[in-house]
Structure formats: C-alpha cells, structure tokens
Undergrad: 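I'd like to ask some things about the structure below.
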Amino acid sequence: MAAKSYEEEHPVKVFGWAATDTSGHLSPFKFSRRETGEKDVQLKVLYCGVCHSDLHQIKNEWGSTTYPIVPGHEIVGVVTEVGSKVEKFKVGDKVGVGTIIGSCRSCENCANDLEVYCDKVLVTYNDTEIVTYGGYSDIMVADEHFVVHWPENLPMEAAPLLCAGITTYSPLRYFGLDKPGMHIGVVGLGGLGHMAVKFAKAFGTKVTVISTSVGKKQEAIERFGVDSFLISHDPKQMQAAVGTLDGIIDTVSVVHPILPLLSLLKTNGKLILVGAIEKPLELPVFPILTGGRKLVGASATGGMKETQEMVNFSAKHNITPDVEIVRMDYVNTALDRLVKNDVKYRFVIDVGKTLNAAT
Ligand code: NAP
Ligand code: ZN
Ligand code: ZN
C-alpha cells in the first residue's frame, strides 16, 4: 500500500498566521493537522501569548527555523473533541497547551516528569524532527499528557503562564529560591521577568528588579510590590547592591554583561539564565571561583506535572500576567513593539474572536 501523503494524514483544515521568511512578517496561512487520535485532545484556541521566543524563531535568530512557521506556545482554549482513550478531559473543558506537545514517555527524564529534557521532545511549533505548528491558529491537537487543566477562576487571557510562567516558576522552585525572607533579583522586566517577580513575591521573598528601563520603576514598585529597582547601567546603584542577593533570574534576550550581575550575589548565590541568547556570553571566572557563586541555565520551561502545579498555584494565589490583548491582525505591530521593548508586559492575541475576522 502506498504511504499516505501529509494531507491524507492531516485532514483537519486549520487557519492560522505564519511567517514565510526571515523578515518574520506574519500573514494568513491555511494548513492542516492530524485527526484526533485515541489519546489526543483537540481544542479551539481562544488566546495565545506572544513570547520573545516567537520573535527569535520567526526571524530565524536561533538558526533552526523551517518556514512557513506558525508560532505560539502559550495557548488556552476549549476542548472540542477527545480521543476514545482520553482519560483526563472532556469536550467543553478549558485547557492549556504550552511549549511541548510530545516526548518519548519512557526515558529517565520522562519518568522524572522532566519531559522537556527528553531527547525526543516535540516542541509545539517549529520542531526540528517533524512539522509542528503553534497556537496562532484556530485549532490545536495534542496528546492529553501535554495538555493542562485550566482552573475555573483563572482568566483564559492568562495564557502566558504556559511559557513565561513556568519558565520562571520552575527554576525558582528547583534552585530553592522560594523561601520566605530570601532576596531574589530579576533581570529584565518583560514577559518572563514580570512573572518571576509575581512568583517570587508570592513565595514571600524580597525582590529587586535589575532593568534598563527607568520608565518601569514606578509601576514595578507600586503595582508589583518590588522592594527595590536598579538601573543596570548606573554603576552607583549596582555598586550599592553588591553581595545582597541569594539568587537572580536573568531573562534578558540579548548579549549583556554578566559580571555586574554575579557581583550582586551573596556567597554561594545563584545566577540563573533563562534568556535564550543566540550568541555566547563573556564569562568572568574569578567571581565564580572566589565567591562560590553558581551560574546555571534553566529551564527550557518545565515538565507537565510542574506546569499543572504552577497553573493551580497561580489560580490559588491570583497570579496572572499583565497582558495587552490584541487582535490577530495587530500581531506584526505587536512583534515590532516587542523588539522595541514596548509592552507591559505580554501581548496576548484574542485568537477566538479575531482570527477569522483577520483575513
Ligand atoms: P521580553 O518580554 O522581550 O523581555 C525581555 C526583557 O529584557 C525586556 O523587557 C527588557 O527588560 C530586557 N532587555 C531588553 N533588551 C535589553 C538589552 N539590550 N539589554 C538588557 N536588557 C534588555 O522577552 P521574554 O518573552 O520575557 O523572553 C526573554 C528571553 O527568554 C527571550 O530570549 C526568550 O526567547 C527566552 N525564553 C526562554 C525560555 C526558556 O525555556 N528558558 C522560555 C521562554 C522565553 P527591562 O526593560 O527591564 O530592561
Ligand atoms: Zn515562550
Ligand atoms: Zn523521554
């Protein structure tokens, strides 16, 4: 029997927006997805966040993009169909899909609920092994293991929890930076950074933001309750804070100096890099040696169990991202504004109401 064509194996017609070259400009794009398999959940996408990783990838800044690319990995929607062996979901459930939609389910990482580190991990869009398309589209399909329940009291617009949320929650927990009384630094008050601030405050830690934007100071203090706000290019402010932090989450998306950040740490403090910077950073060794400081990378988001835990924690503690809801046909402007650091603090596309209107 002849092998089935891509179209035969993917009969479900989908409408989304895609970039077709390194300009990163998105435009309407018709494609298809697989039928709902026995362990699959199909959902109607209602909201999708705009992550800086979307921007890196539509412009091929990581060198791994296959065009056309449909971005979007902060997806919240409603279940429209479930496979015959699906156990956790039913039609009508509110659900979320984040950065991964598959893994081998049998390796050590998968057994330890760290699917995100599996060699066979399948990312939600622009996977390098098979074609995957993300949430800037009307319909998604994923194995139920990679779908989370969306708590009733959590607004669906809070979709950025699914990447910005888990990427900051996970390392704060894993590296023990979640103890009341600790002092945590957050570098870059953007999509990830403002979620790091919210979780750190919820854990009862003191928070210092280290930022390039003077204009974010008042809001950081008054709205997010940060305890202090340092301008990273002001040596006096940075000097005054040397040796004060137990840990730092660095969310900056471009090459930036590491030494001043290491200096802010106490002995044995941890600098955790979560920004996905495509170029190497200059690493000064002596401050690490002499201060017992740790420089670590995290976290390629987080595993599925922890993602559900984070969503539930957010619902319980009323932690939601600060979002600017935009129409689908505003997405190119939103991406331009993201490049210019002009968003407070995450764009979320109202896919449900505006995708089909935006043709
Ligand atoms: P974002 O909203 O653009 O925030 C980045 C922040 O970095 C900006 O708000 C800005 O904060 C600061 N910044 C911007 N330009 C800077 C510069 N030239 N020098 C110093 N600071 C600068 O981006 P995001 O969505 O939070 O993502 C941040 C990074 O994390 C991206 O590289 C993204 O790909 C990556 N990421 C990684 C993972 C993972 O799994 N590890 C997951 C998601 C995203 P201030 O205005 O306060 O300076
Ligand atoms: Zn992301
Ligand atoms: Zn695995």
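Note that the numbering runs from 1 along the sequence shown for the chain. Please read these numbers as outputs of a predicted model, since none were measured by experiment. Just follow the structure's listing: the first ligand is 1, and inside any ligand the first atom is 1.
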Undergrad: Using the Zn ion (ligand 3) as the vertex, how large is the angle between SG of Cys104 and SG of Cys107, rounded to 10 degrees?
TA: 110°
Undergrad: Using a 4.0 Å heavy-atom cut-off, say whether Leu192 meets ligand 1 through its side chain, its backbone, both or neither.
TA: both
Undergrad: Could you verify whether a donor N or O on one side chain and an acceptor N or O on the other, from Tyr169 and Asp178, lie under 3.5 Å apart?
TA: no
Undergrad: Just which atoms of ligand 1 are under 4.0 Å from any heavy atom in Leu338?
TA: 2 (O), 3 (O)
Undergrad: Compute whether any side-chain donor of one residue and acceptor of the other, for Thr267 and Arg293, lie under 3.5 angstrom apart.
TA: no
Undergrad: Would you say the side-chain atoms of Thr301 and Thr167 include a donor-acceptor pair closer than 3.5 Å?
TA: no
Undergrad: For Val252, take its heavy atoms, then give the atoms of ligand 1 lying under 4.0 Å from any of them.
TA: 7 (O), 20 (C), 21 (N), 22 (C)
Undergrad: Answer yes or no: is there a donor N or O on one side and an acceptor on the other, between the side chain of His73 and the main chain of Gly134, under 3.5 Å?
TA: no
Undergrad: Can His183 and Thr205 be counted as having a side-chain donor-acceptor contact under 3.5 angstrom?
TA: no
Undergrad: In terms of atom number and element, which parts of ligand 1 are under 4.0 angstrom from non-hydrogen atoms of Ser253?
TA: 29 (C), 31 (C), 32 (O)
Undergrad: Where the side chain of Lys44 meets the backbone of Thr80, is there a donor-acceptor pair that is under 3.5 Å apart?
TA: no
Undergrad: Determine whether any heavy atom of Phe347 lies closer than 4.0 Å to an atom of ligand 1.
TA: no
Undergrad: Identify whether Leu261 and Leu283 are in the same connected component of the hydrophobic contact network (ILVMFWY, side-chain heavy atoms under 4.5 Å).
TA: yes
Undergrad: Show the atoms of ligand 1 that are less than 4.0 angstrom away from any heavy atom in Gly190.
TA: 2 (O), 4 (O), 9 (O)
Undergrad: Check for me whether His256 has a heavy atom closer than 4.0 Å to any atom of ligand 1.
TA: no
Undergrad: Is it the case that Glu306 and Tyr174 place a side-chain donor and acceptor less than 3.5 Å from each other?
TA: no
Undergrad: Below a 4.0 angstrom heavy-atom separation, can you tell me which part of Ala276, side chain or backbone, both or neither, approaches ligand 1?
TA: both
Undergrad: Tell me the nearest of Pro160, Gly98, Ser211, Ser213 to atom 46 (O) of ligand 1, using heavy-atom distances.
TA: Ser213
Undergrad: Flag Gly191 as yes when one of its N or O atoms lies below 3.5 Å from any N or O atom of ligand 1, and as no otherwise.
TA: yes
Undergrad: Distance to the ring centre below 6.0 angstrom and angle to the axis at most 45 degrees; does that hold for Arg173 and Phe199?
TA: no
Undergrad: Under 4.0 Å from a heavy atom of Arg346: give me the atoms of ligand 1 that qualify, with their elements.
TA: 24 (P), 25 (O)
Undergrad: At a 4.0 Å cut-off, with the gap strictly under it, does some heavy atom of Cys163 reach an atom of ligand 1?
TA: yes
Undergrad: Provide the number and element of each atom of ligand 1 under 4.0 Å from a heavy atom of Leu189.
TA: 9 (O), 11 (O), 45 (P), 47 (O)
Undergrad: Is it the case that ligand 1 has an N or O less than 3.5 angstrom from some N or O of Trp62?
TA: no
Undergrad: How about Asn341 and Lys216: does a side-chain donor come under 3.5 Å of a side-chain acceptor?
TA: yes
Undergrad: If you measure only the distance, is there a donor-acceptor pair under 3.5 Å linking the side chains of His10 and Glu35?
TA: no
Undergrad: Do the side-chain N and O atoms of Ser232 and Thr212 include a donor-acceptor pair separated by under 3.5 angstrom?
TA: no
Undergrad: Please work out which of Asp342, Val339, Val254, Val214 has its closest non-hydrogen atom nearest to atom 18 (N) of ligand 1.
TA: Val254
Undergrad: With a 4.5 Å cut-off on side-chain heavy-atom distances among I, L, V, M, F, W and Y, is there a chain of contacts connecting Leu189 to Leu172?
TA: no
Undergrad: Can you find an N or O of His56 that's nearer than 3.5 Å to an N or O of ligand 1?
TA: yes
Undergrad: Is there any N or O on Tyr345 that sits under 3.5 Å from an N or O of ligand 1?
TA: no
Undergrad: So for ligand 1, is Val274 a polar contact partner (N or O within less than 3.5 Å, distance only)?
TA: yes
Undergrad: What angle, in degrees and rounded to 10°, do you get at the Zn ion (ligand 2) when you join it to SG of Cys51 and to SG of Cys163?
TA: 130°
Undergrad: Is the Zn ion (ligand 2) under 2.8 Å from any N, O or S atom of His52?
TA: no
Undergrad: Nearest to atom 39 (C) of ligand 1 by heavy atom, Thr167, Ile210, Val116: which?
TA: Thr167
